[in-house]
Participant: 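Sharing a structure below in structure tokens format, with a few things to ask.
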Amino acid sequence: MKVTSKLDFDEDFSSICESTAALTEGCRLPVRMHKTDDWPLAEIVSIKDSEGKRQFYVHYVDFNKRLDEWVEEEDLDTRKVQFPRRDGTTTGASTGVTTPKKHHSLAGTGSVSRPASPVPLNNEIVNGNAVLAAALQKKINRKRKLTPQAVPVVEIPEENSQDGLTPRQSGSMVIHQDDVVTRMKNVEMIELGRNRIKPWYFSPYPQELCQTPCIYICEFCLKYRKSRKCLERHLIKCNLRHPPGNEIYRKHTISFFEIDGRKNKVYAQNLCLLAKLFLDHKTLYYDTDPFLFYVMTEFDSRGFHIVGYFSKEKESTEDYNVACILTMPPYQRKGYGKLLIEFSYELSKFEGKTGSPEKPLSDLGLLSYRSYWAQTILEIFIAQKPSGESEKPHITINDICEGTSIKKEDVISTLQNLNLINYYKGQYIVCISREIIDQHKKAMDNRKIRIDSKCLHWTPKDWSKRSKWYK
């Protein structure tokens with residue numbers, strides 16, 4: 001990486017660039033985000049020449065990587081550039097300060113309007129997340145009103161809740177390590193069934209396919225082709241109309257298929273390749289043998305179409321019931337994510353165990369799990385009845401874990417996130433406001449599709465005995 005002489009300046013120094021030719025990978029500057037009027041701070045990841053013009057692949061600082069994109073020179077505000085240091089940091093103002101959204105044209109230049117350069121107040125870093133969290137906490141504390149008829153007493157174990165679990169280091173997907181190649185989206189578009197989807201992240205499809213405008217994927221066997229004509233020839237030969245596994249659940253048009261990563265290795269590997277396009281925090285490996293894959297499908301006259309999936313270790317010493325989980329983008333925001341989560345816990349109930357997903361979760365995965373945990377636990381609380389005329393409802397953390405198969409640490413962290421636990425006269429009590437109950441009932445009314453345990457036909461296997469036979 002070429003480093004300019006500005007490396008010797010003070011950290012708070014930022015420079016005005018005379019030309020974009022001086023910009024290198026690692027520089028940070030305000031960039032106009034596609035389809036918006038915002039100019040957030042962005043880091044240049046890569047630079048290329050296209051038809052005589054320079055293009056810049058940028059990552060917007062403090063934004064999810066799925067928003068990363070190629071931009072033109074006119075999308076860059078070169079009046080405040082932070083140059084990279086030799087130690088990997090950048091010179092310039094704090095990344096916590098964003099540029100204003102209002103634009104003002106430069107007088108007499110006729111150039112693209114750009115935002116004014118951000119100026120920190122008293123050299124202090126503005127932490128928007130902290131301010132927002134404090135405001136929300138204040139609002140919650142102000143609004144909390146206890147409802148006597150819904151105040152179960154909860155026994156809290158003495159040990160503290162630990163949310164940071166050791167991430168996986170081997171398997172079909174492991175924790176993602178950033179490098180220049182994997183930081184950049186390499187697939188422009190995929191066609192899966194009737195849907196054309198723009199990928200969010202890097203996935204290691206063959207290089208020759210990544211150079212095509214679109215990768216065509218068979219929605220039944222997940223094999224990939226370079227053109228629609230090649231896919232049409234494949235579909236004539238492909239006999240599959242559902243995932244190549246055992247159908248263990250069906251209700252109405254929703255089915256779940258269990259796929260053994262050892263018996264159906266090619267399908268499992270293709271599924272991981274497809275999933276990696278929409279999962280950033282994992283890196284793909286091809287060791288699918290230790291995993292089971294549960295694929296959710298929607299049935300119509302053409303066959304069983306993939307909606308989402310989750311993978312699960314055959315043997316998990318940490319009681320993980322999910323390794324990776326994904327709802328395909330065309331089916332997101334329709335309740336299918338919670339259905340996948342609910343199904344994973346239904347399997348745990350059949351196994352007689354408590355389970356938890358592998359950490360870290362993606363941003364969308366974390367939101368879905370927190371929402372599912374909150375709704376499930378609140379449902380338990382609201383259903384509690386007093387044991388006597390003068391007594392309040394009573395339930396223990398272990399009772400909640402046993403009834404839901406949610407792991408103890410996740411139950412405790414959910415109660416803390418909801419701000420429901422209070423310490424009163426030597427015991428922990430849960431106080432639920434009428435507002436929370438109303439919000440919960442509204443959320444449950446919106447969950448139109450639920451897992452029906454009567455429709456699950458599945459027997460847990462003892463993989464510890466089977467693994468000896470496999471060897």
Participant: Would Q332 and T327 count as having a side-chain donor-acceptor pair, cut-off 3.5 Å?
Facilitator: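 There is no such pair (donor and acceptor under 3.5 Å, judged by atom type) between the side chains of Q332 and T327.
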
Participant: Just by distance, with hydrogens left out, do E298 and Y336 show a side-chain donor and acceptor under 3.5 Å apart?
Facilitator: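 A pair is found: one side chain offers a donor N or O, the other an acceptor, under 3.5 Å apart.
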
Participant: Just checking, any donor-acceptor pair under 3.5 angstrom between side chains of Y267 and D260?
Facilitator: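 The answer is no; no qualifying pair exists.
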
Participant: Please tell me whether Y201 and F278 form a close aromatic pair, meaning their ring centres lie under 6.0 Å apart.
Facilitator: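 Ring centres of F278 and Y201 not closer than 6.0 Å.
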
Participant: Donor-acceptor pairs under 3.5 angstrom involving side-chain atoms of residues 185-192: please list them, not counting sequence neighbours.
Facilitator:
| from | atom 1 | to | atom 2 | distance (Å) |
| --- | --- | --- | --- | --- |
| K185 | NZ | R66 | O | 2.7 |
| K185 | NZ | D68 | O | 2.8 |
| N186 | OD1 | S203 | N | 3.2 |
| N186 | ND2 | S203 | O | 2.7 |
| E191 | OE1 | R196 | NE | 2.9 |
| E191 | OE1 | R228 | NH2 | 2.7 |
| E191 | OE2 | R228 | NE | 3.4 |
| E191 | OE2 | R228 | NH2 | 3.2 |

Participant: For F257, what residues pass the ring pair (Phe, Tyr, Trp, His ring centres under 6.0 Å) criterion, not counting sequence neighbours?
Facilitator: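 Residues passing ring pair (Phe, Tyr, Trp, His ring centres under 6.0 Å) with F257: H242, F304.
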
Participant: Examine the side chains of Y60 and E69 and answer whether a donor and an acceptor come within less than 3.5 Å of each other.
Facilitator: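 A donor-acceptor contact under 3.5 Å links the two side chains.
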
Participant: Y372 and Y345: aromatic ring centres closer than 6.0 Å?
Facilitator: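 Ring centroids of Y372 and Y345 are less than 6.0 Å from each other.
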
Participant: Do NZ/NE/NH1/NH2 and the carboxylate oxygens of E208 and K226 come within less than 4.0 Å?
Facilitator: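 No, no charged N to carboxylate O under 4.0 Å.
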
Participant: Give a yes-or-no answer on whether the side chains of D399 and T396 include a donor-acceptor pair shorter than 3.5 Å.
Facilitator: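 Side chains of D399 and T396: pair found under 3.5 Å.
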
Participant: Determine whether more than 12 heavy atoms belonging to other residues, nucleotides or ligands lie under 6.0 Å from atom NZ of K48.
Facilitator: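 Counting neighbours around NZ of K48, more than 12 heavy atoms of other residues, nucleotides or ligands fall under 6.0 Å, so yes.
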
Participant: Regarding S371 and K338, do their side chains bring together a donor and an acceptor under 3.5 Å, going by distance alone?
Facilitator: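 The answer is yes; a qualifying pair exists.
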
Participant: Just do the salt bridge (Lys or Arg N to Asp or Glu O under 4.0 Å) check on D38 and R32 with the steps written out, would you?
Facilitator: CA-CA 6 Å; D38 296 341; R32 179 170 54 188; over 6 Å; no

Participant: Does E402 pair with K353 as a salt bridge, N-O distance under 4.0 Å?
Facilitator: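 Salt bridge between E402 and K353, a charged N being under 4.0 Å from a carboxylate O: no.
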
Participant: Taking the six-membered ring for Trp and the single ring otherwise, decide whether the centroids of Y294 and Y309 are under 6.0 Å apart.
Facilitator: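 Ring centres of Y309 and Y294 not closer than 6.0 Å.
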
Participant: Salt bridge or not between K312 and E351? Use side-chain N to carboxylate O under 4.0 Å.
Facilitator: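 Looking at K312 and E351, the cut-off is met.
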
Participant: Determine, for E43 against R183, whether the closest basic-nitrogen to carboxylate-oxygen distance falls under 4.0 angstrom.
Facilitator: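 Looking at R183 together with E43, the answer is yes, because their closest N to O distance falls below 4.0 Å.
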
Participant: Between E219 and R302, does any NZ, NE, NH1 or NH2 come within less than 4.0 Å of an OD or OE carboxylate oxygen?
Facilitator: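 Yes, charged N to carboxylate O under 4.0 Å.
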
